[in-house]
Each structure stands twice: as structure tokens, then as C-alpha cells.
Number of protein chains: 2
Amino acid sequence: MHTVLRSASKEVVIGGDQPFCIIGERINPTGRKIFQEQLRRGDLSRVEIDISEQVAGGAMALDVNMGAPLADEAELMVRAVELAQSRTDLPLCIDSSVVEALEAGLSAYEGKALVNSVTAEDERLDAVLPLVRRHGAAVIMLPNDEEEIPEAPRRRLELVGRLVAAAERYGIGLEDVVIDPLAMPIGADTSLVDKTLETIHLVKERFGLNMTLGASNVSFGMPDRHAIGSAFLPMAMTLGLTSAIMDARSADLVQAVKAADLLLDHDPWGANWIAAHRARTAATP
Amino acid sequence: MHTVLRSASKEVVIGGDQPFCIIGERINPTGRKIFQEQLRRGDLSRVEIDISEQVAGGAMALDVNMGAPLADEAELMVRAVELAQSRTDLPLCIDSSVVEALEAGLSAYEGKALVNSVTAEDERLDAVLPLVRRHGAAVIMLPNDEEEIPEAPRRRLELVGRLVAAAERYGIGLEDVVIDPLAMPIGADTSLVDKTLETIHLVKERFGLNMTLGASNVSFGMPDRHAIGSAFLPMAMTLGLTSAIMDARSADLVQAVKAADLLLDHDPWGANWIAAHRARTAATP
């Protein structure tokens, strides 16, 4: 299954036989007070820095979220999408919980975007999926419904079945469905990540769909976060995770992903691995 | 399935519901010219250093191999086993391709050792398994036979079936069988590690046996070896690897294993993870 994302000039393919798709998480004001304040003033200078740092780190697509309190999210989304597309040819992931912001972002975007995200709640599906269809986008779908974020992998799998049915009902091909198997903080309960891993395994076996998740959630609240993420991503990739929204500025995390690509035979002749080593060696004085 | 190893005073359990068993690889003269020369002179001072470095790094058992050219391996094995047991209470893995050295090491060892190793060759099985049985040891078994080291995971699984039958024939319980799924260098062929991972998955599904492997093989000949190993071990653990003979002196590798233990819910309340963080922080000036 290949999910194809496009900017005006570049195509990125997400798939089980492809290098893992690193989606940069950074253009997001959640938990960033100064950035929120800047956005309220209409100042997007921080977005330019976030773009260049993530591109330098190895991002293959960029998530764009403009959800700052007391700011006009739809208007900021349009400006951020236009700014990002003027600075990089990476495809974008239009990220909002507000349907109007998703719509504004998709209208401003040139190419085929990834929409982040829709849950298995009927009201959300009915609001978001027509947009996805109309703009020919792909969409991240989360297996939680009105009642709960289920813990049990089998229950999540059932909800994935509902998401798949909804996508089909709205004429969205399964290649444009990217499932988020719901990554939870290991610090909250040490059994939660094992359930995410089992969900990844089940979704791959049953549906063969592409999957992405917010990788930073896993280590939230724990010490040595990058070491946890650097183990988690290769583990999840082994079971079928094909993308993550992650800290693309972290050399450790990106290297862990590239090592897993190599080990899963997604780096022919190890060419990328050896080239990255040479680039690092050349950069060291 | 629990494989229990013992020294005179300490017990280590290998199992799918246990913390991953880190077996230190270092007491082995292969590729170490100075150490080989020392062993030929009967000088075991290097072994003492290897023991203390591996214990400090986090080894939970120690492999002991005395296979230096032109040296009396059986005699050195007896001395090394006695030396190791006087310096550490970690269980030992008696490692030799020479049956007499295995026998000498097992006779000198106090506790329940792990024997490294036997292949699926009839002559080897008939020579090694009676020893294992007589000394009440556990044994690492490799799915390669007289003809080949098979690449195909299904063929390896067939040979595991033969190994299991041989163990049963010699009265060795399956809890004392540890399968080596054969880790090959990714640099030789980028499809080889994926085959090892698939073998791990198949052996777990079909037999539920404990498994160990020589983790350093995977990155042999490649740059940034520890980064490759740090991705490989969590990946293999996710599929069912329960132990590795590895560089226990590498903080990166040990931390990757501990992160995977945490994520697979083998570190209740994250207590080990947090304690290790505090120890590192306290050690930094």
C-alpha cells in the first residue's frame, strides 16, 4: 500500500517497502508560550526557523498546526502553508482540530496534503472526510470514538474497521488512509506502549494500511526521552509502522530510524547509511 | 518459558516476561592479538579487566571463550572459569567449538551454566548434548547443519525442529534450549537481518523458546556500529529475542536494551529506567 504525498514539485511515498517517512512535528504552538504569543501578533518568523531546522535534520514532510489560543487559526494556517511552501518543497501535513482551519489550509496548499486528523466519531467523519475527498488529500484516522480512547488492541482494530468503512463511504481510497495506532506515554502506565505495538501488528495483518503516530508522546514525562524514542521507533517499524510525526531535529531519533531502514532492507546496499556517516565525519572538524 | 542460569550464589532467568538477558561477549580472544599472546603465555590478567568492565556496564551473564591458536584451550578454560567465579557472581556461558574445552569448563564451573553452542550436525549433537545433560546445563543451539547455514527463515525453523527433537532425545528440557537465530552482517547483504528477524518471529510463534544471538555480528564492517546495534536489539526483542551475547561495555547498547525492556513492559513502573537515569546524572560532575 502506497500513500503518495505531493508538494508542487516533490513526491513522497509512504509504504512498507519504502524508507520510513519522517514527518516533522515542530510547527505546532502546543506547549510553546513564546511561539503562541508570536502567532497572536501574526508573527510567523519562528515558523521559518522551524522549517529550516527540520529540513536540515532529515524531515521528509512537515506537520503544520496553528492552534494557538485566541488567534485566528484558519487565517494563520493559510499564511503558514504559503510560507512553508515558499521555503521548502517537502509535502505538508495540515493539522487542526478545527474543520475551518483544515479547509483553509487545504485550499491554500498546492499539491496532495495529508490531513491530521479525524477520529471514529460520526460527526467528525461527516465533517472532515468530504473535505479530504474534495481536495484529493490523504488522511490520518484515529481509532477512538465518542465514548473512549480504547486501550485494548482488538477494540482499536474494530474502530479501524469503522474508519475504513467510512473512508470507503466517502470515496476515499484505502491507499489514502493512514491509521494512527495511538501512542500513549509510557510514564503513565508501562503497559500502554506494548498495546500500541500490538495494535500496529494487528492493523498491518488485517488491513495492510500505512500508519503514523505522534512519537514524542511515548516518552512524555520520562527522563532520557530521546533514548526511549530511539528504541521505540525501530520497534514500531519492525511491526509495520511506516511513518511518524516526530522530532526531526534530533540526530539520535533520525539515526535510529535510518538504522531500522537499513536493517529492514529499505536502504539498498546501505548507501544512505554510509552516506550519512560520511557527511557526519566530514562535518566534524 | 524460563531458562534459569546459576552461579554459586546468583540466579538469572531468561524469558519473554523477564528483562532482556545481556551476556557479555568480551572474554574471547578472537580478533584480539595481544590477548591471544597473553593467553599463550598463560597470562589471564586481561580476563580480570574484561570481567570488571562488563560487570560495570550491565552484563547479567558472561561468555567465556579461550580459543586462542596454539594454546591449551581446555586448561585455559578451567582457569578462566575459576578466575571469573572468584571475581563475579554472574552466571557464565561456556563457549568453545572444542568438546574437551566445554567439558573442562563445565567440570570446573559451580552452578548451572549455558553451553555455547551446538549446531544441528549429528556428530556435534551426539558429542555435546550428553555433556549438557550430565552437567545439568542449558545450551545454545544453532539451526545450521552439515550442508549449510540456511538463509531462508522457514528452513531455519525446520532445523530448529531437529534441534528440539535432539534435545528431547537426550533428556534435555525445552526450558534449557536457547535457540540462536543466526545474526549475519548487514554489510554483506542488506536482506540478511530481515531474515534473522523473521526467524525470531517464527521460532517464537512455533516453539516459544528462548533465543540469543551474537549481536555484534549484525553491524560488522559497517560504520556507526553502536547505532546499528542500538536499533537492532529493540527490533529483535519486539519479535521475541530474549537474550544477546553483546558488548555489555557499550552504554548506548545497554541503554537501548533497557529502553526496550521499559517499552515492552518488563520494567514495572519504569523503576530501572529512572534509577539508571539518576545514576548517570549523579556520576556526571
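Worth saying up front: this structure is predicted, and the values here are computed from it rather than measured. Letters A, B, ... are given to chains in the order of the sequence lines, protein chains preceding strands, and every chain is numbered from 1.
Between chain B and the options A:Thr190, A:Thr238, A:Asp252, heavy-atom pairs under 4.5 Å are most frequent for A:Thr190. Contact tally against chain A (heavy-atom pairs below 4.5 Å) for B:Gly229, B:Ala259, B:Pro234: the top residue is B:Pro234. Each of A:Pro268, A:Ala227, A:Ala256 has some count of heavy-atom pairs under 4.5 Å with chain B, and the biggest count is that of A:Ala227. When each of B:His266, B:His201, B:Met237, B:Gln255 is scored by its heavy-atom pairs under 4.5 Å with chain A, the top score falls to B:Gln255. Contact tally against chain A (heavy-atom pairs below 4.5 Å) for B:Gly270, B:Ser191, B:Ala276, B:Ser230: the top residue is B:Ser191. Each of A:Leu264, A:Asp194, A:Ile186 has some count of heavy-atom pairs under 4.5 Å with chain B, and the biggest count is that of A:Ile186.
Neither the backbone nor the side chain of A:Leu233 comes within less than 4.5 Å of any heavy atom in chain B. Heavy-atom distances place no part of A:Asp189 under 4.5 Å from chain B, backbone and side chain included.
Annotation: side chain of A:Trp273 is in contact with side chain of B:Pro223 (closest heavy-atom distance under 4.5 Å). You'll find the side chain of A:Leu192 stays beyond 4.5 Å of the side chain of B:Asp265, heavy atoms only. Contact check for B:Val218 versus A:Leu263: side-chain heavy atoms found under the 4.5 Å cut-off. Side chains of B:Val193 and A:Leu262 form no contact here, defined as non-hydrogen atoms less than 4.5 Å apart.
The number of heavy atoms from other shown groups lying within 6.0 Å of CD (B:Glu148) is above 12. Residue B:Lys195 places its NZ atom among more than 12 non-hydrogen atoms of other residues, nucleotides or ligands, all under 6.0 Å distant. Heavy-atom contacts from other residues, nucleotides or ligands closer than 6.0 Å to CZ of B:Phe220 number 12 or fewer.
For the atom pair CD1 (B:Ile228) and NZ (A:Lys258), the distance works out to 14.0 Å, reported to the nearest 0.5 Å. Going from atom OG1 of A:Thr281 over to atom CG of B:Asp224 covers 7.0 Å, rounded to the nearest 0.5 Å.
Taking both residues in full, the closest heavy atoms of A:Ala231 and B:Ala260 are given as CB-N, 4.2 Å, listed atom of the first, atom of the second, then distance.
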